[in-house]
Amino acid sequence: MKVSDIDRLKPSSTWRRWLKRGATLVFFVLVAMLLFSLARNVDWTQVLETLRGYSPLLLLAGAGITVASHAVFSSYDLLGKRYTGHLLSAPRVLLVAFVCYAFNLNLGAWVGGLAMRYRLYTRLGLGVSTVTRILSVSLIANWLGYMLLAGTVFSFRLLGLPPSWQIGATGLQLIGVGLLALSFAYLAACRFSRRRVWHVRGHEIVLPPLRLALMQALLGAANWTLMAALIYLLLPSGMFFPSVLGILLISSIAGVVTHIPAGLGVLEAVFLALLQHQIAKSEILAALIAYRAVYFLLPLTVACVVYLLLERKGRQRKREEVSQHG
């Protein structure tokens with residue numbers, strides 16, 4: 001038996017696994033209870049009226065923000081192309097990344113972020129190790145941008161918490177400082193670290209140069225900002241944008257913790273809890289329903305078509321390889 005097999009059988013490992021599952025279940029139940037308690041008194045007729053009140057021009061602007069956000073996220077993989085030096089064309093990379101992001105948003109990271117990315121890239125001729133390095137660049141870009149924005153919003157107390165939540169403002173501020181410190185530590189390592197190669201579970205990870213790391217930070221922050229901008233556009237006028245951004249960032253972490261695809265229910269629960277003291281619940285829910293339709297479902301429809309085209313291209317490539325070696 002290998003050492004890794006023995007480690008998997010250790011009681012401590014089993015307990016940690018069950019503890020994590022239990023914590024996730026408890027969090028999910030709490031979110032469900034919170035959502036139910038907040039939404040049971042919502043005037044759903046008013047929600048429908050608010051949705052009907054969105055003008056075509058506003059929805060068109062929302063679609064434009066969605067296109068920009070998906071384009072920015074897809075550009076993470078262009079950084080991966082530069083990082084690895086693979087020979088796939090930039091348009092092909094953007095298409096693969098767009099499909100993966102759309103499926104990731106709606107079906108979860110295991111489907112879109114991992115399984116689909118490996119499948120599409122390997123069918124287009126890239127090796128598993130290359131795909132892993134592309135994935136690492138994309139993940140770091142996403143969460144580095146997240147940490148910089150969340151660190152700024154939380155550290156400077158730009159998130160307007162409800163009166164009953166003010167006791168947690170200091171704790172949130174300390175979290176923000178920690179996130180900024182972690183972000184700058186990564187950037188400093190990219191600039192000054194002498195050790196450039198790391199090995200994680202058999203995969204070689206090369207620390208990128210500072211310029212590429214700064215591009216990761218810029219694109220990551222831009223994508224999260226665009227997502228918040230869409231929700232801000234759909235909410236009633238007069239909202240404080242950093243607060244909307246901060247609530248989105250909090251809800252995103254809550255969605256990751258619960259492992260619920262698309263953060264379904266989690267996003268709504270967090271926004272209702274943190275904004276109901278400012279605007280009506282019906283207006284919050286209408287904005288989030290429109291947000292899901294424009295940012296999640298519409299791109300998914302397009303991504304399904306693009307996915308079929310990429311699969312067809314991959315099958316053609318496989319047949320060509322077989323005929324060349326046959």
Side-chain angles (χ1 to χ4, degrees), residues 27-66 68-69 105-106 146 149-150 153-154 157-169 172 223-258 260-300:
F27 192 86
F28 173 77
V29 171
L30 289 176
V31 168
M33 292 174 60
L34 177 62
L35 182 63
F36 176 76
S37 64
L38 292 172
R40 61 182 176 179
N41 296 321
V42 170
D43 185 350
W44 291 100
T45 302
Q46 186 59 44
V47 172
L48 185 59
E49 288 298 319
T50 303
L51 286 170
R52 289 174 176 170
Y54 287 131
S55 67
L57 184 60
L58 183 142
L59 294 177
L60 183 61
I65 294 174
T66 297
S69 176
L105 285 172
N106 290 274
Y146 177 98
L149 287 176
V153 171
F154 299 162
R157 298 196 177 193
L158 299 177
L159 173 58
L161 294 173
S164 59
W165 289 47
Q166 288 301 321
I167 192 172
L172 200 61
N223 186 50
W224 286 104
T225 302
L226 286 167
M227 293 170 66
L230 177 56
I231 300 177
Y232 177 79
L233 177 71
L234 295 168
L235 287 170
S237 59
M239 297 298 300
F240 186 48
F241 178 74
S243 283
V244 176
L245 174 60
I247 296 171
L248 172 66
L249 297 173
I250 292 174
S251 67
S252 298
I253 283 295
V256 170
V257 171
T258 56
I260 300 175
L264 192 61
V266 179
L267 178 74
E268 289 78 5
V270 174
F271 266 88
L272 282 169
L274 296 181
L275 277 186
Q276 62 173 333
H277 68 293
Q278 297 184 48
I279 57 178
K281 296 177 184 179
S282 59
E283 293 178 317
I284 299 172
L285 287 176
L288 296 178
I289 290 171
Y291 169 68
R292 287 192 178 279
V294 174
Y295 195 84
F296 287 68
L297 299 180
L298 184 59
L300 180 63

message: To the nearest 0.5 Å, what is the distance between CG on L48 and CD1 on I289?
response: 9.0 Å

- request: Mind checking the CG-OG spacing from L275 to S243? Nearest 0.5 Å is all I need.
  value: 7.5 Å

query: So, the side chain of S69 versus the backbone of M227: is there a donor-acceptor pair under 3.5 Å, distance only?
result: no

From OG1 (T225) to CG (L245), nearest 0.5 Å: 5.5 Å

- prompt: Taking C-beta and beyond as the side chain, do F241 and L158 meet within less than 4.5 Å on heavy atoms?
  reply: no

message: Regarding S252 and Y146, do their side chains bring together a donor and an acceptor under 3.5 Å, going by distance alone?
response: no

query: If every non-hydrogen atom of I284 is compared with every non-hydrogen atom of Q276, which pair is closest and at what distance?
result: CD1-N, 3.9 Å

message: Quick one, L288 and L267 - any side-chain contact, counting heavy atoms below 4.5 Å?
response: yes

query: Within a strict 4.5 Å, meaning less than it, do heavy atoms of the L234 and V294 side chains meet?
result: no

Spacing of CG belonging to L58 relative to CG belonging to L233, to within rounding of 0.5 Å: 4.0 Å

- request: Begin with the C-alpha distance, continue with both residues' side-chain angles, and end with the deciding distance and a verdict on side-chain contact (heavy atoms from CB on, under 4.5 Å) for Y232 and L248.
  value: CA-CA 10 Å; Y232 177 79; L248 172 66; over 6 Å; no

- request: Would you indicate whether the side-chain heavy atoms of E268 and R292 approach each other to under 4.5 Å?
  value: yes

Flag side-chain contact, heavy atom, 4.5 Å: L159 against L249: no

query: If every non-hydrogen atom of L172 is compared with every non-hydrogen atom of F154, which pair is closest and at what distance?
result: O-CB, 3.3 Å

statement: When every non-hydrogen atom of A287 is compared with those of L235, the smallest separation belongs to CB-CD2, 3.6 Å

- request: Answer whether the closest heavy-atom distance between the side chains of L105 and L300 falls below 4.5 Å.
  value: no

- prompt: How far apart are the closest heavy atoms of L230 and G62, and which atoms are they?
  reply: CD1-CA, 3.5 Å

message: Looking at every non-hydrogen atom in both residues, tell me the closest pair between T66 and P299 and how far apart they are.
response: CG2-CG, 3.8 Å

message: Working note: I231 + I247, criterion side-chain contact (heavy atoms from CB on, under 4.5 Å); need CA distance, chi angles, decisive distance, verdict.
response: CA-CA 11 Å; I231 300 177; I247 296 171; over 6 Å; no

- request: Kindly compute the distance separating CG (L226) from OH (Y295), expressed to the nearest 0.5 Å.
  value: 7.5 Å

message: For Y54 versus A290, what's the shortest heavy-atom pair and its separation?
response: CE1-CB, 3.8 Å

